[in-house]
Structure formats: C-alpha cells, structure tokens
Visitor: 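First, the structure itself, so that you have it in front of you.
Counting starts at 1 for both ligands and their atoms, in listed order. We're numbering straight along the sequence, starting at 1.
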Amino acid sequence: MAAFKTHPHDVLVIGAGGAGLRAAIEAKTAGADVGLVCKSLLGKAHTVMAEGGVAAALGHVAPADSWQVHFRDTMVGGKLVNNPTMARLHATEAPDRVRELEEWGAIFDRTPDGRILQRPFGGHTYPRLAHVGDRTGLEMIRTLQDRAVALGVQVYMECTITRLVTGTEGVRGAFGYWRTTGQPIAFAAKATVLATGGIGRAYEVTSNSWEYSGDGQSLAYEAGAELIDMEFVQFHPTGMVWPPGVRGLLVTEAVRGEGGILRNAKGERFMWKYLPDERRTEYAETDEEAARWVTALSKGRETDARRPPELSTRDNVARAIYTEVKEGRGSPHGGVFLDISYLPAEHVKRKLPSMYEQFKELADVDITRGPMEVGPTTHYMMGGIRVDGVSGATTVPGLYAAGEVAAGLHGANRLGGNSLSDLLVFGARTGAAAALHASTQDEPPYLDPVQLEGASAALAAPLERAEGEDVYAIQRDLQETMGRLVGIFRVEADLDEAIRELAELRKRWQAVRATGGRAYNPGWNLVFELGNLLTVSEAIARSARQRTESRGAHSRLDHPGTDDAKWSGYNSAVARAADGSMTVRPTPVPAMSDELRGLLGSVH
Ligand SMILES: Cc1cc2nc3c(=O)[nH]c(=O)nc-3n(C[C@H](O)[C@H](O)[C@H](O)COP(=O)(O)OP(=O)(O)OC[C@H]3O[C@@H](n4cnc5c(N)ncnc54)[C@H](O)[C@@H]3O)c2cc1C
C-alpha cells in the first residue's frame, strides 16, 4: 500500500460550494477544528455558476411576501412530497442568512431606496430572488470563501474523496487522493459533512460541470446511508441548443423572470396552452396583461397584473418545450425561441450581462436584437441523501449532508433560487450539528487499516490492468442510456431496459483500464466518478420505475396522472442490501403539523 498521511479534524467537510463553505464557517465558529476538501480549486465549485439569485421572503419589492407564502410556494412546487420541516425552516431562516451574507460583504443589486433588490422567478408568488445581475453565485462564493479562510478553516484543494471510512459506531473519516500527484490521503474526523453537489454528468446534455458526478450520494450509499426521491431529476427548460459544443449550457431563468417570451417556429406563444388548470388564475389572461407585468417590473413598480405564462414551474415549461419540438414546431436546431429583445438593449445588458456575453461569444447571437434558441437540459437533483430536517444528520451516525447532495426540501421539483437559500440555511444548520456531535467525542477516531488498504488497492487497480476498456467509452454509453431511457418522459419498459443496460455497464466498468501515470490524469480520475454515476443512475432508474404516477419532474407516459391516493404520502427510499444489491421501497413523507397544513389551504 502506498504510504500516506492521515489528517485529523473535529469536522471534515467534503465539498467547498455554498453548502460546504457555510457548514465549515458554522462549525469553525462553534469552536471545531475544520478541514474542507474539494476536488477542484477553491472558488470553482458549482455554486459559482449560479446566476439568477437566492430566494428569501425579504419583502423588499413585494411587501406582502412572507415566510408563509414562501413555504407554500416551495411545497406546491415540490408537489407536496417535500419534508415540511425543511420547507418551514428554509422559508423562515433564508432572510436572515441573506442579510448575514450582506453583513459579510456581499453586494447585491439594489432597490431605488437602497435595499436588496428581488426579482421574480417561476413558481414564486412574489419577486423574491436577491441577486447580483446574473452572477449571484460568484458573489456568494466570494463572500463565503473569504470568511471561511479568514476564520482559519484548513482547505485541501484538488483532493478527491473516494471512500468514507466506517466503524461500528458510524463514519470515522474519509480516504482520497490528490489530483495533482495521485498520492493517497486520509482524514480522521469526529463528524463528516458531505456537500458534494449533484449528478448532472449522468446525462449528456447538462448545465452541470465535470464535478457533478454523484460522488457524495454514492459515498453515503456505500457507507450505509439511505437515498430518497432519486426519480426527481430536474430538466431545466432553457439550455443552449446551438452550437453543439455548448449544448446544455444554462440560459438562466432570469431571462424569463425579466420578461423573456417563449415562441415556437410558428411564432406562437405556446406556454398559454400548457398552464395547469388548477394554477391558471395565478397567471396573466392575455399578452397585454403579461406585458403590463413586465413593464411594472422593469420600472420597479407594484402592479395588479399577474405574471406571464413563461413563469410556470420548470417541470411544466420543460415538458412544454419538449412537446413543441417533438410535434414539429421546434426551431432550426431542435429547440424553441426565447425572446427578450423587445426590451431596451441597455436594460437587457444591465440585468443579464452574462447571458448577453454568453450568446454573443458562443453562438454569435445578440440577444438585444433577436431571440435565443433554447431547449431542456439536465440541471438539478431534487433527490439525494436522506437527512434529518433539522440537523442534516444522515441515517449513519457521524455523517451529515447539506446542499444539492441532500434531499427533502424540494420534493418533486425545485423552484429557481431555492437552492442557494437551501445551501445557506442547511449549510449553517448542518455545520452546527456536526460541530456539536464532534464535541461529544474525545479522541480523533481510529481508521480501520483494512478499509484503507482496500481503498488504496481500488485506486491503483485501473492503472495496473494490462487490458481493459476505455473509461470514456463507458461514460458515453451511460449518458446515452440515461438520455434515451430515463429522460424527461419515462415508461416502464424503458426503465426495465435501463436497469439491464446499467448492470452491463457496471460489468464493463469493473474491468476498466486507465493509461498513463497518477499525476493530473483525467481518464484515471473519471474511473471513480463513473462508478459513482453508475450507482446514482441505477438509483434514478429504480426509483422512477417504482413511482407509477407522474409528479413534478417525474413524468411517466404510462401513468400520466398524479395518483395522490397511492403516492402523495410517499418518498422513494434507496438502500444497499447486505448482498450488495440495491433496494428501493416507498417510505412515508415526514408528517406535517396542522399549522403548516393550514398554510397550504386548498392546495392539492
Ligand atoms: C449554471 C447554473 C446556474 C444556477 N443558478 C442558480 C440560481 O440562480 N439560483 C439557485 O438557487 N440555484 C442555481 N443553480 C443551482 C445551484 O447553483 C446548485 O444547486 C448549488 O450551487 C449546489 O451547491 P452545493 O454547495 O451543494 O454544491 P457545489 O457548489 O457544486 O459544490 C460541490 C463541491 O463538492 C466538491 N466535490 C464533489 N465531489 C467531491 C469529492 N469526491 N471529493 C472532494 N470534493 C468533491 C466539488 O469540488 C465542490 O467543491 C444553478 C446551477 C447551475 C449549474
């Protein structure tokens, strides 16, 4: 076994996006010695890509907004399979977490009277997203990172964790390797927090970066934790469709939030016909009413006009675009048109500077002069590690999770802006709980050498094989399988076929060979990420097969209706059986108090 050093910490945080940084800050502030690991450079986490904003009921633009309305919107958007405790804590605490960011130095866009400006987003009743143009994530990560470093959190950059080390009483730390040298490293920790983000790389067309390979979900699953809601993969309605090299790149919902209009190749504003009947009254009746809403928004005025149909929830808009294209009314490159060019050019450039540059640079399109071409792209994972809604504790002692890797808050569909607030609220709560847990342990835990040796051998194996398949070929086939059989619309026969194909892909993966050395070897790095993607893909396919209804982001063509009698009270839970096989079963959605139920009114 290659020699390596073990680093002891009270709290080990794996992942340095918004959730990991916020957890590290809270744990450090509570007095814990904190190590923070990330597989790319600090500051390059996915959070930095967030564009539109962070949702919090500050009531700066719409004084009628409140945590109660935010709670209701989140539950309605999530089709009521959310964890209600998480949805309540999220709605009540997000305003304080945003104000705190401002105190720590974040500079948000402003209302004319100098308060944090808020913009509308799909599914939110009121303008609620605090933002910095369309570069909110950059400001957020800069602020959190400065604070974490100033507090003395110890950072391990370009370090990938490949295994959690367990003992009889739960998780004791982690094992991984430096990407720069390929050399192993271990961490002994009294409490471990997973904050590794999502799973987008299971699909070919995605807004996600290379880092989103389901590592945390898979590490937790292997350590005995439960995953829930894995069928709920969010396909964002608007990604770039052209040119091919940038297919999937996000076109922020802020474009629609600022008044962007969706049209098909016949010029029809098609979203009018896709609004769900039970929500119809929340949207404008006519083009004229929608235009009044946009005008009021751009002038920062309140209005009695209702929001445009483009601001329906993401699952609904994604299905609408998919259907328009499939039925032959798509744009030349297989998307639809999104147009904001009818607004003054200076306004568009000020509110959407990144979008302006993105289309100009990558597609040679000036969005102040003409429409963008857009189509659905895999964006966000609502499912993930099951956590306690208050503390972020997983079902394995000593292991915590926060951010996109954890599940529960968003139910069947996440509203835009609710992820950044999720990271802040539950990052802080989880960091505090992990520090508290660590404070109850005297010594850094002892790491089982047999597990370390096994992890070290698994690391070396692909490089030592004389023969074996190319990792990129298996990744390509995985993405093709997931796109073809487990995409926006699903049917049982396809899901069965996907489960079969995934088993074959895993066999091929077990014999994969990596060439070259250990230092900065992307092919070798991908071997471990691909193993994780295979695990989460199987969890998605099995959960999707089990849920015989359509709800939120999960659409079954063979079960097109929402079956409340059978499914509204259940989450899908995935776990590892003693023989190593994957099991999936329905488990009850956490109970809701009468007070919270009362807030939902007649929602169904
Ligand atoms: C283009 C884009 C725009 C978005 N815009 C918005 C928006 O406007 N509003 C909103 O609310 N949400 C938005 N989202 C979603 C939101 O950005 C993410 O859900 C959120 O940033 C996830 O944060 P996180 O802290 O959970 O993970 P990340 O920010 O992705 O951080 C994950 C961290 O884990 C590390 N990591 C992963 N695996 C390992 C491993 N094995 N070992 C060590 N480290 C590891 C990574 O290096 C990284 O540091 C957007 C997403 C995208 C892609």
Visitor: Would you tell me whether D33 and H9 have side-chain atoms, one donor and one acceptor, within less than 3.5 Å of each other?
Guide: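 Yes, H9 and D33 have a side-chain donor paired with an acceptor closer than 3.5 Å.
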Visitor: Would you tell me whether H379 and T206 have side-chain atoms, one donor and one acceptor, within less than 3.5 Å of each other?
Guide: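 Not at all, the side chains of H379 and T206 share no donor-acceptor pair under 3.5 Å.
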Visitor: Do the side chains of L415 and N418 get nearer than 4.5 Å, heavy atoms only?
Guide: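 In contact.
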Visitor: Would you mind checking if D215 and K39 are paired as a salt bridge, meaning a charged N to carboxylate O distance below 4.0 Å?
Guide: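 Looking at K39 and D215, the cut-off is met.
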Visitor: Centres of the Y380 and H410 rings: under 6.0 Å?
Guide: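 Yes, ring centres under 6.0 Å apart.
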Visitor: With sequence neighbours left out, which residue pairs that include part of residues 187-217 fulfil the ring-ring contact (aromatic ring centres under 6.0 Å, His included) condition?
Guide: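 Counting only pairs at least two positions apart or across chains, the ring-ring contact (aromatic ring centres under 6.0 Å, His included) contacts touching residues 187-217 are H7-F187, H46-Y212, Y156-F187, Y203-F235.
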Visitor: Can you pull the residues with any heavy atom under 4.0 Å from ligand 1?
Guide: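 Contacting ligand 1 under 4.0 Å are I14, G15, A16, G17, G18, A19, V37, C38, K39, S40, A45, H46, T47, M49, A50, E51, G52, G53, C159, T160, I161, A195, T196, G197, S207, N208, E211, Y212, D215, L250, H379, Y380, G403, E404, R414, G417, N418, S419, L420, L423.
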